[in-house]
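Please read all numbers here as calculations on a predicted model, not as lab measurements. Along the sequence shown, the residues carry numbers beginning at 1.
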Amino acid sequence: MSDTLEQSFVSQLQANQNIIHKICRLYTSGEDAHKDLFQEITIQLWKAFPKFRGDSKFSTWAYRVALNTAITLYRKDKRSVATTEFEGRQHYTPEVEYDYEEEEQLKLMYQAVYQLNDIEKALIFMYLEDKDYTEISETLGISEVNARVKMNRIKGKLKKILNPLA
């Protein structure tokens with residue numbers, strides 16, 4: 001690949017690595033699994049980057065690749081990552097400080113979200129990231145109406161999980 005393509009990829013990855021960290025947090029428990037999944041998502045993004053046509057925003061495309069990778073690797077109770085060998089140039093991507101204190105405050109919400117199925121997790125994640133239903137439906141490959149209906153059902157499910165006596 002050309003240096004320009006590599007530079008473009010690294011730049012886009014740096015600008016969007018927080019969404020990847022959040023997806024990793026949603027689908028893993030533990031720092032090692034988080035790091036493994038982050039690495040695997042980065043590899044999958046790199047491998048697919050030459051095919052990125054720019055029809056959608058990079059972040060939308062990255063969401064799709066990251067979610068598909070996470071869902072594939074962490075189906076059901078599977079917790080080990082089958083990594084892909086990557087022979088290539090190394091780039092230093094400074095890690096954005098991940099706020100674990102804030103994460104603790106969100107612990108109950110994450111515990112509730114863990115009880116959702118894979119597609120529900122992806123939908124609630126994007127909703128909490130303030131993505132509009134157009135982007136959510138585009139990323140998940142469902143209609144906007146379907147995304148809205150699913151979101152309302154998920155909200156009800158989470159309310160029951162978080163407040164079972166109500």
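A 4.5 Å side-chain heavy-atom check between Arg153 and Lys157 finds every atom pair outside the cut-off. In this structure the side chain of Gln14 reaches within 4.5 angstrom of the side chain of Val10, judged on heavy atoms.
In Tyr127, the OH atom is not crowded: 12 or fewer heavy atoms of neighbouring residues, nucleotides or ligands sit closer than 6.0 Å. Within 6.0 Å of atom NZ in Lys131, more than 12 heavy atoms from other residues, nucleotides or ligands are found, so the atom counts as buried in its surroundings. For CG of Asn152, the number of neighbouring non-hydrogen atoms (other residues, nucleotides, ligands) closer than 6.0 Å is greater than 12.
In terms of heavy-atom proximity, Leu26 sits nearest to Phe125 at CD2-CB, 3.5 Å. Across every non-hydrogen atom of Met126 and Glu135, the tightest pair is CE-O, 4.1 Å. Of all heavy-atom pairs spanning Ser137 and Ile142, the tightest one is CB-O, 2.8 Å. Nearest heavy-atom pair, Tyr114 versus Thr28, reported as atom, atom and distance to 0.1 Å: OH-O, 2.7 Å. For the pair Thr139 and Tyr63, the tightest heavy-atom approach, listed with the atom from each and the gap, is CG2-CB, 3.8 Å. The two residues Tyr27 and Asp118 make their nearest non-hydrogen contact at OH-O, 2.9 Å.
Checking side-chain atoms of Ser8 against main-chain N and O of Thr4 turns up no donor-acceptor pair under 3.5 Å. Looking at Thr42, its side chain does come within 3.5 Å of a backbone N or O of Phe38 through a donor-acceptor pair.
Rounded to the nearest 0.5 angstrom, Cys24 SG and Ile19 CD1 are separated by 10.5 Å.
Of the candidates Gln39, His21, Arg25, His34 forms a side-chain hydrogen bond (donor to acceptor under 3.5 Å, both in side chains) with just one, namely His21.
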Check: Should Leu140 and Arg64 be marked as a side-chain contact (heavy atoms from CB on, under 4.5 Å) after you check the CA-CA gap, both sets of side-chain angles, and the distance that decides it?
Finding: CA-CA 7 Å; Leu140 297 179; Arg64 185 176 296 136; over 6 Å; no
(Q) Phe52 vs Leu45, test: side-chain contact (heavy atoms from CB on, under 4.5 Å). Steps then yes/no. (A) CA-CA 9 Å; Phe52 175 61; Leu45 286 167; over 6 Å; no
- request: Could you walk me through whether Ile20 and Leu13 pass side-chain contact (heavy atoms from CB on, under 4.5 Å), step by step?
  value: CA-CA 9 Å; Ile20 299 168; Leu13 180 63; 3.6 Å; yes
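In this structure Lys155 satisfies the salt bridge (charged side-chain N to carboxylate O under 4.0 Å, His left out) test with no other residue, sequence neighbours excluded.
Side-chain polar atoms of Gln111 and Gln115 form no donor-acceptor pair below 3.5 angstrom.
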